[in-house]
Amino acid sequence: MVIYEPKKIEEKWGKEYQESGIFTAKINKDKKKFFLTVPVPYPDGYLHLGQLYTWTRADIYARFMRMRGYNVLFPQSFHFTGGPVATISLRIRNGEKALIDRFVNQGVPPEQVKKFGENPLNLTLYFTDAIKRDFIDTGMSIDWSRSFMLSYTKSYSKFVQWQFRKLREKGLITQGTHPVIWCPNENTPLGDHDRLVGEGEYPIQFDIIKFPLDGYFLPAATLRPETIFGVTNIWLNPNIEYREIILDSGERWIVSAEFESKLKFQLKNVKSSKTFDTNSLLHKKVRNPITGEEIPILAADFVDKNIATGVVMSVPMHAPFDFVYLKRIEKEYPNIKPKKIIDVQGTEDLMKEALDKFGEKDLDSATRFVYNKELNFGVMNQNCADFSGMSVKDARKKMEEKLESMGLLDRFYEPSGEVICRCGARGVVKVLENQWFIDYSNKEWKDRTLNHVMSMKIYPEEAKPQLVDAIVNMEEKAAVRKGGLGTPLPWDQDWLIEPLSDSTIYMSFYTIAHLIQKIDEEKINDELFDYVFLDGPAPSGIDESILKEMKQEFDYWYPVDLRITGRELIPNHVAFYIFTHVAIFPQNKWPRSLGINGWITVNKQKLSKSKGGLTIRSELEKYGADELRLVAYSANGIDDADWDTSNINSFDERINFLMSVIELLNGIKGERKVFDEYLLSKINSIVDEVTENFENMRYRSAIFGAFFESTDLLKFYLEIGGNSNETIKRTIETIIRLVHPVFPFITEELDKRLGGKQLLEEYESWPVSDPSLKNEAIENEMDVLKNTIEDIKNLLNLLKVKPNQIIIRIADKGRFEAYNSLVSEVEKSRDLSELQKKFGRYDFLLGFLKNPKRLPDRRLDHDLEHRVFSESRDYLMRLFNSDIKVEISDDKKAIPGKPGIKIA
RNA sequence: GCAGAGGUAGCGAAGUGGUCCAACGCGUAAGGCUUAGGACCUUAUGGCUUAGCGCCCUCGUGGGUUCAAAUCCCACCCUCUGCACCA
């Protein structure tokens, strides 16, 4: 008895593969090249099984293409650019226990974790090695000779600078101001994962309407300037500190102290300021600059000091907070009446509706409800002077223009919700000045990119609309940041190129990464890159042979034939990747195809790098690499999928089965029967299906056919009495080859045991289907056999008897002729009454003629049907523990494709 | 709000005009194997009915096209994902 022991086998073949060097890609002009890449991982921790999924999908394709005779380049690098490692390092330095424990529990030595805290680079370098080891141990057929670190590798930084100069020359870099969420304590932008609270919050713009009053302005902040027609009063909060400030423009504003402190982040300078006693203002009146009405200034404690100016204009009919608050004090101010200025079709009283729905306890939801309804369906009513009849959307724009022209409008950004930095500080919005952007909104560039995307092959095609959508909606993208690791912007060294912008065309660097190391750093310049990538003149001072070699490498390997990535990157990285190729390279170097996959859960458990757990490393201790690679079976394409690890049992069981058969193969020496033709025909179809499924990255279907369906067929063949040595050997050889891309180690082992001489990827070992093996007639008749076995089982269950003899009555030749001519007629017409007229006289065909669904469409062969049953007689006797008699009969139940059954 | 994807048996998931009551897997139940458990094997898993036939109900809801629909068309309901300076 042979037993599958993955570890031993994988160690042996892992070594064999490394020594063979076949993953190290070399130019070979006799072969078609195939270049595929996977995004660079960010080495801030161990990779988890979800990430293994993406790389396994890539590796399967790489191996598949090698077996089909392609010269494959599958390199891998690492991304060092960016901020998160710095945060992690800092958290370790601060002694954050949970984080330290996580690393230690994952097997990082404690001294090493301590080093992570000393320098972020210690962390990145450590995990770069760790991830590389994981990839090797899981059998990724990666060419490591071309590996580098973005943008830590110096020559690569020079490449990125070249790229940015090119973009700038083409007018695709712009400069401008831009609001970001900012930590005032650490003086850096607050990315989502730098936040303790407020992931997903973004800057929103408030309009500030300046109400003039006695030489001051009362700047009321609002998202809805058009509601100024309905203002009944101004709210100030008596419990917060207000200050009188003088701006550079000379204007005096009354604002909350908090607002004053935030102004400096938004390009406004406060010349002087002093505390201001709001009590002096309360009950004074201020003039509404649009309607001319006199409105009072009242106290309200719901005014939030953290939002904008701390001055609010009250529009009770259209803002639930104002409405509810006004109601509380209506006795004191009987003259203040809510004023309706927006009509929404289909509702008389939207405010009442909102308050009924959400109650006074949830005024935030009520506010959202009213705002949305009015924005989308509202029309300004007769109280709005020349704005009457305008939609709310239009009115908002018009009102902003009007106020602006009157000099009464200003703007201010606030976060859309509370944001707290990991350091504990409250996030604010900072308007960054002179920020550099890549102008993905450039019309001509966008059109060219879209055109190219339309011609790209995308697996699965469903992902294409998402990508197109992302590109259409792409705007200017901030390309630089302050702080963190990265390449300095060549013409403005204060800025570092941010990670999504320095990783758009790095795939081209793979073609030269192993050669550029040989060149002195100082000699690497733009001319070099122009020469290699854009056919520019050769630069001087560099060894000509290396130059030539680099250029040959690029010309041979580029473009990327297939890029494999998770679908979360579609709206950013993938889009930038295509955009930038279109901008920089000639058309024949643009990306050819994309393979997109979804997220994966393992036994329903969500995976996340930051939470640790289920790392590739930890699972490799439990399972073999081939077993882990079964993860590719989880889904076909872009769908999110669950990897059910219990599949591993079924995998092992089948491997054991194949090993046993191989072991016993020499002793099997039977004759060919009808089953041989059946098995070969089926396997032959599987070869075609599997090839097509692999080609289109439908791995679930591919593995199902190549492994599960095919081994089931082989089992069935053996059970039913097939015992031709040649057929079995041929079938197993085919199965091994079909699943080799997925399970490389065990299949090499099995192939050797079957007498294979070379590594499966060293020659064109992919099975090719042979149309002459396709035998539909036999497949049809084998289906008849299977159906008949089912029928007999049903019958025996029903009768509850142990049979002595079962007689199978095959219809005679004449009946098959009648049946087949019915099939021919059906192909011409499915008109039931016509067919009944023609064939009604054959009582054995009546069952087919009752309803259109039952009309037969497969031709059947009398001799073959007889042969199938005769040759499976032994099997049937074993199965039913009964004598079996097969006879040709004119019994009325002996129907072609449905033999009569007589239990005796 | 804007955009994208999707609703199939207890669950996951195939199937895109005809052997579809719907592959495959999980779960559940019964039996076998085992000292026992696990693993493994067999069988069952909408209803009625019958010597294997057949009939009815089912693929988010409602309607339509067709000899024939989970599959095509229309309307409606519901769910999930992304929205940027962040890898």
Side-chain angles (χ1 to χ4, degrees), chain A residues 39-42 44 79 81-85 178-181 189-195 199-200 202 368 371-372 375-376 432 435-438 440 462-470 472-481 498-501 503 567-573 575-576 598-599 603-604 609 633-636 638-642 644 646-647 649-650 652-653 700-701 704 708-709 712 783 787-799 801 826 829-835 846-848 850-858 893 895 897-903:
Chain A
V40 278
Y42 186 69
D44 63 348
H79 208 178
T81 317
V85 257
H178 186 71
V180 294
I181 306 272
L190 263 182
D192 261 345
H193 36 244
D194 301 327
R195 300 177 191 178
E199 216 171 288
Y202 55 97
R368 264 197 299 278
Y371 280 23
N372 273 334
L375 174 64
N376 293 304
L432 287 176
Q435 165 80 300
W436 294 94
F437 298 88
I438 297 175
Y440 292 117
E462 295 102 275
K464 200 174 240 179
Q466 291 185 41
L467 179 59
V468 167
D469 180 63
V472 168
N473 292 316
M474 198 72 63
E475 291 166 24
E476 292 182 324
K477 151 96 179 126
V480 292
R481 58 181 285 158
E498 64 83 36
L500 279 172
S501 301
S503 58
R567 72 150 175 241
E568 72 280 2
L569 295 182
I570 293 176
N572 42 65
H573 170 263
F576 303 153
W599 278 110
N603 297 327
K604 303 272 152 67
K609 189 149 85 170
Y633 180 59
S634 300
N636 258 333
I638 195 167
D639 297 335
D640 285 345
D642 181 59
D644 185 349
S646 64
N647 281 330
N649 288 327
S650 158
D652 288 359
E653 183 261 317
R700 189 180 166 86
S701 301
F704 179 72
F708 294 100
E709 204 180 347
D712 280 349
D783 285 345
N787 289 338
T788 307
I789 290 172
E790 282 304 305
D791 286 349
I792 296 174
K793 278 181 186 169
N794 282 341
L795 257 178
L796 291 176
N797 274 340
L798 222 68
L799 294 175
V801 292
V826 168
S829 154
R830 289 182 161 263
D831 186 328
L832 266 190
S833 56
E834 274 300 302
L835 292 168
L846 288 179
F848 296 115
K850 281 185 183 158
N851 109 35
K853 273 194 169 182
R854 298 191 49 78
L855 291 172
D857 54 4
R858 298 163 153 200
K893 292 216 162 169
I895 299 164
K898 198 164 192 53
I901 300 160
K902 168 85 180 163
I903 311 278

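The sequence lines fix the lettering, A, B, ..., with proteins before strands; numbering per chain opens at 1. We use all heavy atoms of the structure for the numbers below, so side chains are in, but hydrogens, waters and symmetry mates are not. These figures come from a predicted structure and were not determined experimentally.
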S.K.: For Asp469(A), which contact category applies under a 4.0 Å heavy-atom criterion: base, sugar-phosphate, or nothing?
M.R.: sugar-phosphate
S.K.: Start at the 5' end of RNA chain B and walk down; is the nucleotide closest to Val180(A) or to Arg858(A) reached first?
M.R.: Arg858(A)
S.K.: Check side chain to side chain donor-acceptor pair (under 3.5 Å) between Asn473(A) and all other residues, then give those that pass, not counting sequence neighbours.
M.R.: Asp469(A)
S.K.: Can you check the distance between C77(B) and A84(B), where both ends of the measurement are the C1' atom (answer in whole Å)?
M.R.: 33 Å
S.K.: Measure the shortest side-chain to side-chain distance between Pro179(A) and Leu432(A) over non-hydrogen atoms and say whether it is less than 4.5 angstrom.
M.R.: no
S.K.: Can you tell me the distance, in whole Å, between the CG atom of Asn572(A) and the P atom of C86(B)?
M.R.: 13 Å
S.K.: To the nearest Å, how far apart are Phe708(A) CZ and A13(B) C1'?
M.R.: 14 Å
S.K.: As a quick check of understanding, evaluate side chain to side chain contact (heavy atoms under 4.5 Å, CB included) for Lys477(A) and Leu500(A), giving each step before the final call.
M.R.: CA-CA 10 Å; Lys477(A) 151 96 179 126; Leu500(A) 279 172; 4.2 Å; yes
S.K.: Mind calculating the distance between CD1 (Ile789(A)) and C1' (U42(B)) to the nearest angstrom?
M.R.: 15 Å
S.K.: Does some side-chain heavy atom of Thr81(A) sit less than 4.5 Å from a side-chain heavy atom of Tyr42(A)?
M.R.: no
S.K.: With sequence neighbours left out, what residues match Ser501(A) under side chain to side chain donor-acceptor pair (under 3.5 Å)?
M.R.: Glu498(A)
S.K.: From the list A5(B), A13(B), A87(B), which nucleotide is the closest neighbour of the side chain of Arg700(A)?
M.R.: A13(B)
S.K.: Using atom CD of Gln466(A) as one end and atom C1' of C80(B) as the other, report the distance to the nearest whole Å.
M.R.: 12 Å
S.K.: For Ala470(A) and Pro571(A), work out which heavy atoms get closest and say how close.
M.R.: CB-CA, 3.7 Å
S.K.: Starting at atom CD1 of Ile570(A), determine the distance to atom C1' of A84(B), rounded to an integer number of angstrom.
M.R.: 15 Å
S.K.: Identify the pairs formed between an N or O of the protein and an N or O of nucleotides 65-71 of chain B at a distance under 3.5 Å, and give each distance.
M.R.:
none

S.K.: Does Arg481(A) make a side-chain N or O approach to OP1 or OP2 of C86(B) shorter than 4.0 Å?
M.R.: yes
S.K.: For atom C1', what is the distance between G27(B) and G12(B), given to the nearest Å?
M.R.: 10 Å
S.K.: Atom NE2 of His573(A) to atom P of C83(B): distance rounded to whole Å?
M.R.: 16 Å
S.K.: List for me each residue that meets ring pair (Phe, Tyr, Trp, His ring centres under 6.0 Å) alongside Phe708(A), sequence neighbours excluded, and say none if there are none.
M.R.: Tyr633(A)
S.K.: Using the C1' atom on both, measure G15(B) against G32(B) and round to a whole Å.
M.R.: 34 Å
S.K.: Please give me the minimum heavy-atom distance between Ile570(A) and Ala463(A), naming the atom from each residue.
M.R.: CD1-CB, 4.4 Å
S.K.: Considering only the C1' atoms, how many Å lie between A14(B) and G7(B), rounded to the nearest integer?
M.R.: 15 Å
S.K.: From the set A84(B), C86(B), C85(B), return the single nucleotide nearest to any side-chain atom of Phe437(A).
M.R.: C85(B)
S.K.: Let me check I have this right: for RNA chain B, each base becomes ., (, ), [, ] or |, based on Watson-Crick or G-U pairs with both distances under 3.5 Å. What is the full string?
M.R.: ((((((((.[[[..)..(.....]]]((((((.......))))))(((.....)))...[[[[[..)....]]]]])))))))....
S.K.: If the C1' atom of U8(B) is compared with that of C20(B), how far apart are they to the nearest Å?
M.R.: 12 Å
S.K.: Would you indicate what Glu709(A) reaches in the nucleic acid, counting non-hydrogen atoms under 4.0 angstrom: base, sugar-phosphate, or nothing?
M.R.: nothing
S.K.: I'd like the C1' distance from A23(B) over to C59(B), given in whole Å.
M.R.: 14 Å
S.K.: Please check if the side chain of His573(A) supplies one atom and the backbone of Ser503(A) the other of a donor-acceptor pair under 3.5 Å.
M.R.: yes
S.K.: Assess the residue pair Glu475(A) and Phe437(A) against the criterion (side chain to side chain contact (heavy atoms under 4.5 Å, CB included)); give the C-alpha distance rounded to whole Å, side-chain angles, the decisive distance to 0.1 Å, and a yes or no.
M.R.: CA-CA 10 Å; Glu475(A) 291 166 24; Phe437(A) 298 88; over 6 Å; no
S.K.: On the side chain of Glu653(A), is there an atom forming a donor-acceptor pair with the base of A39(B) - under 3.5 Å, no angle test?
M.R.: no
S.K.: How far does the P atom of A5(B) sit from the matching atom of C53(B), given to the nearest Å?
M.R.: 43 Å
S.K.: Going by heavy atoms in the side chains, are Leu835(A) and Phe848(A) under 4.5 Å from each other?
M.R.: no
S.K.: How long is the line joining CD1 of Ile181(A) and P of C86(B), in whole Å?
M.R.: 10 Å
S.K.: Round to the nearest Å and state the distance from Leu796(A) atom CG to G31(B) atom C1'.
M.R.: 17 Å
S.K.: Hey, does Lys898(A) have a side-chain heavy atom less than 4.5 Å from the side chain of Asp791(A)?
M.R.: yes
S.K.: From the options G82(B), A87(B), A13(B), select the nucleotide whose nearest atom is closest to the side chain of Pro571(A).
M.R.: G82(B)
S.K.: Using the P atom as the point on both nucleotides, what is the distance between A22(B) and C55(B), in whole Å?
M.R.: 14 Å
S.K.: Check Met474(A) against Ala575(A) and note the closest heavy-atom contact, atom names and distance.
M.R.: CE-CB, 3.3 Å
S.K.: N/O contacts under 3.5 Å, protein versus nucleotides 49-55 of chain B?
M.R.:
{"unit_1": "G52(B)", "atom_1": "O2'", "unit_2": "Asp791(A)", "atom_2": "OD1", "d": "2.7"}
{"unit_1": "G52(B)", "atom_1": "N1", "unit_2": "Pro899(A)", "atom_2": "O", "d": "3.3"}
{"unit_1": "G52(B)", "atom_1": "N2", "unit_2": "Pro899(A)", "atom_2": "O", "d": "2.5"}
{"unit_1": "G54(B)", "atom_1": "OP1", "unit_2": "Arg854(A)", "atom_2": "NE", "d": "3.1"}
{"unit_1": "G54(B)", "atom_1": "OP1", "unit_2": "Arg854(A)", "atom_2": "NH1", "d": "2.9"}
{"unit_1": "G54(B)", "atom_1": "OP1", "unit_2": "Arg854(A)", "atom_2": "NH2", "d": "2.5"}

